[in-house]
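Residue numbers begin at 1 in each chain, while the letters A, B, ... track the order of the sequences.
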Protein chains: 4
Amino acid sequence: MQAPQDTKPRWERRKDARPQELLAAALDQFVERGYAATRLEDVAKHAGVSKGTLYLYFTNKEELFKAVVRESIVATIGQAEQDAAVFEGSSSELLRALLMRWWDQICATPIAGVTKLMLAEGHNFPELVKFHNEEVVARGSALITGVLQRGIASGEFRPVDPAVMTQVLIAPVMMLMMWTRSFMPACQMPPVDPHVFLDTFISTTLVGLEAPKP
Amino acid sequence: MQAPQDTKPRWERRKDARPQELLAAALDQFVERGYAATRLEDVAKHAGVSKGTLYLYFTNKEELFKAVVRESIVATIGQAEQDAAVFEGSSSELLRALLMRWWDQICATPIAGVTKLMLAEGHNFPELVKFHNEEVVARGSALITGVLQRGIASGEFRPVDPAVMTQVLIAPVMMLMMWTRSFMPACQMPPVDPHVFLDTFISTTLVGLEAPKP
Amino acid sequence: MQAPQDTKPRWERRKDARPQELLAAALDQFVERGYAATRLEDVAKHAGVSKGTLYLYFTNKEELFKAVVRESIVATIGQAEQDAAVFEGSSSELLRALLMRWWDQICATPIAGVTKLMLAEGHNFPELVKFHNEEVVARGSALITGVLQRGIASGEFRPVDPAVMTQVLIAPVMMLMMWTRSFMPACQMPPVDPHVFLDTFISTTLVGLEAPKP
Amino acid sequence: MQAPQDTKPRWERRKDARPQELLAAALDQFVERGYAATRLEDVAKHAGVSKGTLYLYFTNKEELFKAVVRESIVATIGQAEQDAAVFEGSSSELLRALLMRWWDQICATPIAGVTKLMLAEGHNFPELVKFHNEEVVARGSALITGVLQRGIASGEFRPVDPAVMTQVLIAPVMMLMMWTRSFMPACQMPPVDPHVFLDTFISTTLVGLEAPKP
DNA sequence: GATGAATGAGAATTCATTCAT
DNA sequence: TATGAATGAATTCTCATTCAT
């Protein structure tokens, strides 16, 4: 109806987009079934190509998996860092904004599935876990730790250990991602709305973090 | 013809004869490698028996997996309920005690791996997820929800939504289990001591839960 | 409809346009790796063309192989016959000249590899073996048998069976080709210089052939 | 009819013999089709077992191939050395006996096929070529060289270079093996009887070797 | 009960061949 | 003519499952 390039034959039209299509299909399958249980034939089918085509772009299953993880990670990281750099409100507000935005931007994004993959399959791909830790966990943690330090320095927060508190703040968000990817599709667990969960968690924690009024 | 226990479901029928070693070895392998990547030959080797022997006790790989999960779950859940029933201190103290004991009794044990299995493999075993939710998540949640309700009723806690707050309280402990099982062996992440993490998390949250002094 | 040369067999019809580079590259690969292990992509790469181009000149892998063999064979055999026809010296000298020239003209050339191919792969290509026997083995043998018959008739040689003695004379030269193509690249075997080998072999055999002095 | 152990089930009866049966079937197929063109399923079928059984005994195709070569070589070598050690006749007679016996014992034996394999596939298995050279070619050559040296020392033979003459003596026998394995099944080439060929070759060469009567 | 040799369905991978450009 | 992306049949290899002892 609309664009003339849609009349190009499938073969040509997709040439450039192929790798991305393959990676997207592969990510879906890996997240849904796990690494070992994912059949390359299914990945190919979901990408609308034949088995052999996968091997034109990726050496083998393991390399495809690594590419999926790396690609998803690289494509996402960086955004949050930019957001944090320009923020001007109080530390509490920044913390809330960061966690909320993290959720919104990551759950709408394949990287949420990558987190599940890393937790579920990490044992068999230590290099990937290392990469994921450095590129995602460490950078995300640094962001939050920085806000905590700023809030403590300004007297807005109690003098907690920023490193530990960073973990405490990250854990529920990650868990929410896992729940969303794992239990909810199967069993409606947890049955709460993600935003309600996050709001309750953040509000409670921020109260707990608040420096006592003298 | 013979014994009335023959009418029990298969996985339970053989319970008496079923060596715990098989289940322990299977749990180890499933947690370490994931369901699909676990080879029954390895399970047998780790249990010190032959491959064929596994089939004397379990119909097939899937039933073995289910037995592992069920067995671990059933063995754990009753204890916490008893503990909670007889506790007499404040709701805050009970909450702290419950979460700490949960950690100590589950993470000191290979059973914690079941949580990882459920999150990682749940998609392929919906019945197990359902079972796990009913026998573990629901009962554990009810315990915590009860304490919250008691604290709110007594004016010790703010009037939060007990169901949501229950999730908020559970998530960090589960995440800690995942981290311990997944990232730490590979990459020393998170580098904090579990008890410090839990103490920080619980203390902060309890302050946040505390009803404001009038 | 068009040209009478369309009635020629396919492998010959395209002879004019068929780049010798394709055949040369294919010969190299077939000799080095064997028929089955040779990948058409490698042949194409060595010839500096794309995979598809091969199919413009050869129906399929098997036809390419046959063309390689036929082309090499046809290019070689006529020369020796001409040489022999005009020779004027003694039978001994002719024999030595023929064998030496065979060696020099064939072993200095990749065409020698065809012999290896025939011995190694002949089982799977009986028509080719037949062709090779008729066009190379039979004609070459006839040449040598003729010289033997002439020498026996003139009293220069003992009255041996010319057919058998022909085989005896051919075998070491073929073996030398095989050694050169197979063992020497891998393992320096045999460590003797080809010309020394041939000279020793021919000299010894000619003494053995010599009619006893009365 | 005869032995009671024939009533044992196939499964048990063959347990010990399995590896040898597999190696024999594999040798047949490798010699007939070449390494790359041999399908393991065919090897299995010829051995009367299933595909999977091969992998109980050999890690993969390459290891099976290597085992075939090594086994055949080891099983054969040594016999000729014993024969030579006890021989007492003239050097000419010993030489004739060695070559004839070599032919008779090797052509009745799978090692003849191994020679073809080494010549045809050696390029892709350099370690095997090295092994074959050391265990078969070198030891066989040493045997013949020794006889030549003895004959030269005793004045029975002309003072030829023993190393080169050894190659000259070996080549026709190897070629005969190749012919027998490659061309004869397909095309009756060479059409001479092996013993006539050998006799003609040996007789002629021995005359050529003979020291001239003074 | 226990064993482990054997099986064969299933998954990964390769590569000759096609075909739209 | 020439290209090279795409295909899918064929092959290697794995591993859950069986079964004779």
Side-chain angles (χ1 to χ4, degrees), chain A residues 8-16 18-19 36-44 47-64, chain B residues 14 17-19 36-45 47-64, chain C residues 14 17 19 35-45 47-64, chain D residues 8-16 18-19 36-44 47-64:
Chain A
K8 280 197 207 169
R10 217 183 178 195
W11 175 78
E12 170 65 9
R13 195 171 69 236
R14 293 210 172 154
K15 197 171 77 171
D16 300 340
R18 269 284 181 264
T38 291
R39 301 185 306 133
L40 289 194
E41 183 148 26
D42 284 345
V43 173
V49 300
S50 76
K51 240 181 328 172
T53 300
L54 277 175
Y55 287 88
L56 295 178
Y57 297 94
F58 305 98
T59 309
N60 54 33
K61 190 180 181 180
E62 184 168 344
E63 290 305 317
L64 172 61
Chain B
R14 286 169 166 163
R18 182 191 307 154
T38 291
R39 299 186 299 137
L40 289 195
E41 181 145 29
D42 284 344
V43 173
K45 194 174 298 169
V49 301
S50 77
K51 227 182 340 172
T53 300
L54 280 176
Y55 285 86
L56 296 176
Y57 295 96
F58 306 96
T59 309
N60 54 32
K61 191 182 183 181
E62 187 169 341
E63 291 304 318
L64 172 62
Chain C
R14 286 169 167 162
Y35 176 79
T38 290
R39 298 185 301 136
L40 289 195
E41 179 145 29
D42 284 345
V43 173
K45 194 174 300 170
V49 300
S50 77
K51 229 185 334 173
T53 300
L54 280 175
Y55 284 87
L56 296 176
Y57 294 96
F58 306 98
T59 309
N60 54 32
K61 190 181 183 182
E62 185 168 343
E63 290 305 318
L64 172 61
Chain D
K8 279 197 208 169
R10 215 182 182 199
W11 176 78
E12 170 67 9
R13 194 171 71 238
R14 292 207 172 158
K15 197 171 76 171
D16 300 340
R18 267 288 181 264
T38 291
R39 299 186 306 132
L40 289 193
E41 182 148 26
D42 284 345
V43 173
V49 300
S50 75
K51 239 181 329 170
T53 300
L54 278 175
Y55 288 88
L56 295 178
Y57 296 95
F58 305 98
T59 308
N60 53 33
K61 191 180 181 181
E62 184 169 343
E63 290 306 317
L64 173 61

Exercise: identify the closest heavy-atom pair between [X] and [Y]:
X: D/Glu63; Y: D/Asn60; value: N-OD1, 2.9 Å
X: D/Ala36; Y: C/Ala36; value: CB-CB, 3.5 Å
X: C/Leu40; Y: C/Leu64; value: CD2-CD2, 3.9 Å
X: B/Pro19; Y: B/Tyr57; value: CD-CE2, 3.4 Å

Please give, in whole Å, the distance from [N] [atom2] to [X] [atom1]?
X: D/Arg39; N: F/dA10; atom1: CZ; atom2: C1'; value: 8 Å
X: D/Glu62; N: F/dC13; atom1: CD; atom2: C1'; value: 14 Å
X: C/Glu41; N: F/dG4; atom1: CD; atom2: C1'; value: 9 Å
X: D/Leu64; N: F/dC13; atom1: CG; atom2: C1'; value: 13 Å
X: C/Phe58; N: E/dA16; atom1: CZ; atom2: C1'; value: 16 Å
X: C/Lys45; N: F/dT3; atom1: NZ; atom2: C1'; value: 15 Å

- Look at the side-chain N and O atoms of B/Ser50 and state whether any lies under 4.0 Å from the OP1 or OP2 oxygen of E/dT3.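 Yes, within the criterion.
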- Task: Could you run through DNA chain F and flag its stems, i.e. three or more consecutive Watson-Crick or G-U pairs with both distances under 3.5 Å?
- Result: E:2-21 with F:2-21
- Considering only E/dA6, E/dA11, F/dT12, which nucleotide approaches the side chain of D/Arg18 most closely?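 When the side chain of D/Arg18 is considered, E/dA6 is the closest of E/dA6, E/dA11, F/dT12.
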- Let me know, please, whether D/Leu56 or A/Tyr55 comes out on the 5' side of the other along DNA chain E by nearest nucleotide. D/Leu56
- Task: Report the residue (A/Leu40 or C/Leu40) whose heavy-atom-nearest nucleotide on DNA chain E is the more 5′ of the two.
- Result: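 Counting from the 5' end, the first nearest nucleotide belongs to A/Leu40.
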- Report the distance from atom CG of A/Leu56 to atom CZ of A/Arg18, rounding to the nearest 0.5 Å.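 If I round to the nearest 0.5 Å, the distance is 9.5 Å.
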- Message: Working to the nearest 0.5 angstrom, can you tell me the gap between C/Lys51 NZ and C/Asp42 CG?
- Response: 10.5 Å
- How would you list, by chain and number, every residue that makes a salt bridge (charged side-chain N to carboxylate O under 4.0 Å, His left out) with A/Glu41, sequence neighbours excluded?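 Checked A/Glu41 against salt bridge (charged side-chain N to carboxylate O under 4.0 Å, His left out); zero matches.
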- Under 4.0 Å between any heavy atoms, over every strand shown, what does C/Lys51 touch: base, sugar-phosphate, or nothing? Just pick one. base
